[in-house]
Every structure is written in C-alpha cells, then in structure tokens.
Asker: 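Questions regarding the structure given below will be posed in turn.
Counting from 1, the numbers follow the sequence of the chain as shown.
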Amino acid sequence: MLTDLRTTPTNARPGLLHSADGTVAPVRSTSFDVRAFTRTAFGDHRPPDPPPLGPTDLHPSVRFALTYLRDVERTATSTLRRVLATSTSREARYTAFLTTWAHDRYWFAERLDRALGSPPPTADDDAAAPSTRFDRLAHVQDLLAQHVEPVWTTLVGEPTTALHAVRGLSEESAVLAAHYRVAGLARGALDELLAPLRARRLEHVSFYRAEAAMRLGGDDLAVRLTRALLTRGFHPLRPGALRARASHRFLRTLFAGGGRDEVVRDADAPVRALPGLGGHGPLATALRRERPLVPPVPPVASGHRAHAPRTPTDRAPVGAGIS
C-alpha cells in the first residue's frame with residue numbers, strides 16, 4: 001500500500017499535486033527530510049552568541065566582509081517574495097522548507113549583528129553615491145520579479161521550481177564558500193561565530209541540491225530556463241537589493257592573497273555537477289560579466305570535474321591573510 005501511495009500517475013509530471021481522476025497523488029520527494037529540518041530551526045537550537053568583537057579584533061576589510069555577509073542574510077525576504085509569488089508556492093515540501101529557511105536566515109543575521117557590536121555597521125559606506133549600471137540592472141530585475149514572474153511562471157508551471165532550486169543552491173553555496181574564506185582571513189578569530197552557521201547552511205545546500213537534481217533530470221524546459229537564469233544578470237553573492245559597489249569591495253576582500261580560484265571553485269561546484277547545465281558556474285559567469293571591477297576568473301576548461309563541497313570537518317583553513 002505504501003508503495004502505491006508513493007507512485008506518481010504516468011500521465012503526470014513529478015512534483016505537483018496531480019488529480020487527473022479526482023484523487024490527489026502525493027508529491028514526489030527527495031531523500032532530504034524536510035520534517036526533521038523544520039524541527040531543528042537554528043533560532044530554536046542556536047548556541048550562545050560569542051562576545052562582541054572589539055574594534056581591533058579584525059582587520060577593517062575583514063570586518064567589512066562580515067558586515068556584508070550579515071546583509072546577505074537579511075535579503076531572505078526578497079527571496080521569499082520572488083519564490084512564493086510564483087507557481088512554486090504550490091509545492092508543499094518547498095514552501096515548508098522555505099519557512100524554516102527564512103527563520104534560519106533571520107537568526108544568522110542576528111548572530112552576526114551582535115558580534116559586530118553597536119552601533120551596527122553598514123556594508124554600503126557610500127549610500128549617496130550614484131547607482132552603477134549593475135545596480136540599475138538589479139532594480140529592473142527586481143521589478144520584473146514582482147510583476148512579471150508570477151504571470152509567466154503560472155504559464156510555464158513546474159519547471160519554474162527547478163529554476164528556483166538552482167538559484168537557491170548557487171546562492172547558499174556561494175555564501176558558504178565566502179564564510180570559509182572570511183574565517184581563514186580572520187586567522188581563527190571568527191571560528192566560534194561562523195562554525196554553527198556553516199553547519200546549518202550545509203543543510204540548506206543539501207535541500208536545494210536534491211531538489212534541483214530531481215527537477216532538472218529529463219526536463220528540457222527546466223534546463224533551458226535555468227541556463228538562461230545563470231547567464232543573464234544573476235549574481236549569487238549579490239542577492240536582493242545589495243549595492244554593486246559593496247559587493248565588489250567584498251569580492252576584492254575575499255580574493256586577497258590569491259583566494260579567488262578557491263572561492264569560485266567551491267561556490268560553483270554544486271551547480272556544475274547538476275544534470276543538463278554543462279558545467280556552468282554562476283559565480284564565475286558573474287565575475288566575467290563585471291570584469292572591470294573585480295579580478296577576472298578564467299573559464300573552466302571542458303571536461304572540468306567539479307570538486308565535492310567540503311564540510312567544516314574536512315576543510316583546511318585558508319592561510320592567506322590581509323596585511
């Protein structure tokens with residue numbers, strides 16, 4: 001009986017609630033346990049916050065990078081608006097995950113904010129400066145997301161969820177790679193602060209990776225939509241309304257001491273390994289698009305084999321510092 005309940009009708013596409021004959025077939029799921037994930041929300045099980053950082057505990061560039069990471073966490077509501085206004089909101093497992101994911105991101109930002117001390121710093125040190133063309137492009141994309149995406153995704157249907165899963169995977173993997181790099185630049189001063197965030201974010205990556213792999217497999221439309229996303233203005237380390245000027249300064253900090261290749265490799269590896277994407281790397285693509293403002297990233301040669309994402313237990317510390 002249990003096997004029958006898990007079987008998707010042959011005339012239905014997996015993932016949605018199908019009701020061709022008046023009965024509802026269960027959603028096809030991955031091995032990721034959403035129920036267990038929701039029971040371990042970071043805000044309910046977070047460790048004690050470490051003492052606030054003193055003014056001389058970090059190099060100013062590293063402090064700025066930590067501030068930028070806090071601001072990235074605060075863009076979760078922008079992601080929720082983008083996703084839940086589309087046909088993806090009909091996916092029960094996905095929306096259940098997002099509810100706890102947003103709760104996690106709120107407490108991630110709170111933990112970083114408390115560590116940075118009072119008054120809270122800002123990553124945009126020149127908010128009155130004119131917007132760059134990248135900022136204007138991001139603004140247009142945000143307007144389109146609010147007003148146009150709900151329409152076309154309703155027409156497209158389920159492949160939209162694959163696009164959102166790949167976007168989520170890319171953003172979470174890129175932030176995870178940035179966390180490792182910033183911790184290395186701080187030479188151990190941020191280990192207690194960042195280690196719990198990295199451990200929880202690995203669960204976010206696991207969900208998105210499983211969803212993306214399931215939904216891209218055998219779905220040509222989902223693959224085409226996702227490839228278009230990865231090449232047209234998407235930047236995994238500049239979500240929401242974050243300014244391009246701040247993100248470029250953040251990237252220059254990450255890449256100090258030769259860290260560029262490692263950050264880009266680790267950020268893009270989970271996406272490169274997905275079916276149908278041809279080894280595409282979102283962060284590498286974004287950096288080539290904005291080449292005048294950040295160090296260029298060479299294209300990956302054909303036949304590149306993606307590295308498996310490393311975990312807090314097997315990741316060697318980044319030794320390069322900022323003088």
Asker: Got a sec, which residues hit side-chain contact (heavy atoms from CB on, under 4.5 Å) with Phe37, two or more places apart in sequence or on another chain?
Answerer: Phe32, Phe97, Thr100, Asp104, Arg200, Glu203, His204

Asker: Out of curiosity, His164 NE2 to Thr86 OG1, how far, rounded to the nearest 0.5 Å?
Answerer: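 If I round to the nearest 0.5 Å, the distance is 4.0 Å.
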
Asker: One pair to check against side chain to side chain contact (heavy atoms under 4.5 Å, CB included): His103 and Asp44. What are the steps and the verdict?
Answerer: CA-CA 9 Å; His103 188 258; Asp44 298 333; 4.0 Å; yes

Asker: Would you say Arg272's side chain and Gly279's backbone share a donor-acceptor pair under 3.5 angstrom?
Answerer: yes

Asker: Kindly compute the distance separating CZ (Phe250) from CG (Leu69), expressed to the nearest 0.5 Å.
Answerer: 4.0 Å

Asker: Which heavy atom of Ala177 sits nearest a heavy atom of Ala267, and at what distance?
Answerer: CB-N, 3.8 Å

Asker: For a side chain to side chain donor-acceptor pair (under 3.5 Å) with Thr88, tell me which candidate from Thr160, Thr161, Thr95 qualifies.
Answerer: Thr161

Asker: Could I get the full list of side-chain contact (heavy atoms from CB on, under 4.5 Å) partners for Ala189, not counting sequence neighbours?
Answerer: Leu58, Ala186

Asker: For the pair His45 (side chain) and Ala41 (backbone), establish whether a donor and an acceptor sit closer than 3.5 Å, ignoring hydrogens and angles.
Answerer: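 The answer is no, because no donor-acceptor pair under 3.5 Å joins these two groups.
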
Asker: Excluding sequence neighbours, so at least two apart, what forms side chain to side chain donor-acceptor pair (under 3.5 Å) with His235?
Answerer: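 Counting only residues at least two positions away or on another chain, His235 forms no side chain to side chain donor-acceptor pair (under 3.5 Å).
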
Asker: Considering residues at least two apart in sequence or located in another chain, which fulfil the salt bridge (Lys or Arg N to Asp or Glu O under 4.0 Å) criterion with Asp49?
Answerer: Arg111, Arg114

Asker: For Ala178 and Leu254, which heavy atoms make the closest approach, and how far apart are they?
Answerer: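 Looks like CB-CD1, 3.9 Å.
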
Asker: Taking Thr231 for the side chain and Ala228 for the main chain, is one N or O donor matched with an acceptor at less than 3.5 Å?
Answerer: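 Judged by distance alone, yes, a pair lies under 3.5 Å.
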
Asker: To check you understand the geometry: which heavy-atom pair defines the closest contact between Leu197 and Leu193, and what is its length?
Answerer: CD1-O, 3.7 Å

Asker: Are Tyr180 and Asp266 close enough that some pair of their side-chain heavy atoms sits under 4.5 Å apart?
Answerer: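 They are not in side-chain contact.
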
Asker: Please check: side-chain N/O of Asp57 versus main-chain N/O of Gly54, any donor-acceptor pairing under 3.5 Å?
Answerer: yes

Asker: Which of these, Thr285, Leu163, Val166, sits in a side chain to side chain contact (heavy atoms under 4.5 Å, CB included) with Leu230?
Answerer: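 Testing Leu230 for a side chain to side chain contact (heavy atoms under 4.5 Å, CB included) against Thr285, Leu163, Val166 leaves exactly one candidate, Val166.
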
Asker: Check Pro282 against Phe234 and note the closest heavy-atom contact, atom names and distance.
Answerer: CB-CE2, 3.9 Å

Asker: For Asp33, what residues pass the side-chain contact (heavy atoms from CB on, under 4.5 Å) criterion, not counting sequence neighbours?
Answerer: Arg35, Ala36

Asker: Would you sort out whether Leu185 and Leu190 count as a side chain to side chain contact (heavy atoms under 4.5 Å, CB included), showing the intermediate values?
Answerer: CA-CA 9 Å; Leu185 292 172; Leu190 297 177; over 6 Å; no

Asker: Using a 3.5 Å distance criterion without hydrogens, assess whether the side chain of Ser206 forms a donor-acceptor pair with backbone atoms of Leu202.
Answerer: yes

Asker: If you measure from the Lys or Arg side-chain nitrogens to the Asp or Glu carboxylate oxygens, is any gap between Arg93 and Glu211 under 4.0 Å?
Answerer: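 Glu211 and Arg93: salt-bridged.
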
Asker: What's the separation between atom CG in Leu242 and atom OH in Tyr68, rounded to the nearest 0.5 Å?
Answerer: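 If I round to the nearest 0.5 Å, the distance is 4.5 Å.
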
Asker: Which value, rounded to the nearest 0.5 Å, describes the distance between Leu251 atom CG and Arg181 atom CZ?
Answerer: 12.0 Å

Asker: Answer yes if the ring centres of Phe42 and Phe108 are under 6.0 angstrom apart, and no otherwise.
Answerer: yes

Asker: Hey, does Val62 have a side-chain heavy atom less than 4.5 Å from the side chain of Leu66?
Answerer: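 Leu66 does not reach Val62 side chain to side chain.
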
Asker: For Leu225 and Pro159, work out which heavy atoms get closest and say how close.
Answerer: CD1-CB, 4.0 Å

Asker: What residues form a salt bridge (Lys or Arg N to Asp or Glu O under 4.0 Å) with Arg105, not counting sequence neighbours?
Answerer: Glu73, Glu172

Asker: Quick one: closest heavy-atom pair of Ala109 and Arg70, and the distance?
Answerer: O-CG, 3.6 Å

Asker: Should Tyr94 and Phe207 count as side-chain neighbours, where that means a heavy-atom distance under 4.5 Å?
Answerer: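 Of all side-chain heavy-atom pairs linking Phe207 with Tyr94, at least one is under 4.5 Å.
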
Asker: Is Ser170 close to Leu283 at the side-chain level, that is, under 4.5 Å between some pair of heavy atoms?
Answerer: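 In short, these two side chains do not touch, never coming nearer than 4.5 Å.
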
Asker: Calculate, to the nearest 0.5 Å, the distance between atoms OG1 and CG belonging to Thr226 and Leu274 respectively.
Answerer: 8.5 Å

Asker: Looking only at atom types and distance, does a side-chain atom of Thr75 sit under 3.5 Å from a main-chain N or O of Asp71, one as donor and one as acceptor?
Answerer: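 Not confirmed, Thr75 side chain does not pair with Asp71 backbone.
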
Asker: Would the distance check show the side chain of Arg238 and the main-chain N or O of Ser247 forming a donor-acceptor pair, the cut-off being under 3.5 Å?
Answerer: no

Asker: In Å and rounded to the nearest 0.5 Å, what is the CZ to CG distance from Arg74 to Leu112?
Answerer: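 These two atoms lie 9.0 Å from each other.
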
Asker: Taking Arg227 for the side chain and Leu277 for the main chain, is one N or O donor matched with an acceptor at less than 3.5 Å?
Answerer: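 A pair under 3.5 Å: yes.
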
Asker: Checking the side chain of Ser87 only, and the main-chain atoms of Gly157 only, is there a donor and an acceptor separated by less than 3.5 Å?
Answerer: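 Confirmed, Ser87 side chain pairs with Gly157 backbone.
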
Asker: Are any non-hydrogen side-chain atoms of Glu91 and Arg215 less than 4.5 angstrom apart?
Answerer: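 Result yes, sub-4.5 Å side-chain heavy-atom pair found.
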
Asker: Could you tell me whether a side-chain N or O of Arg249 sits under 3.5 Å from a main-chain N or O of Ala65, the two making a donor and an acceptor?
Answerer: no

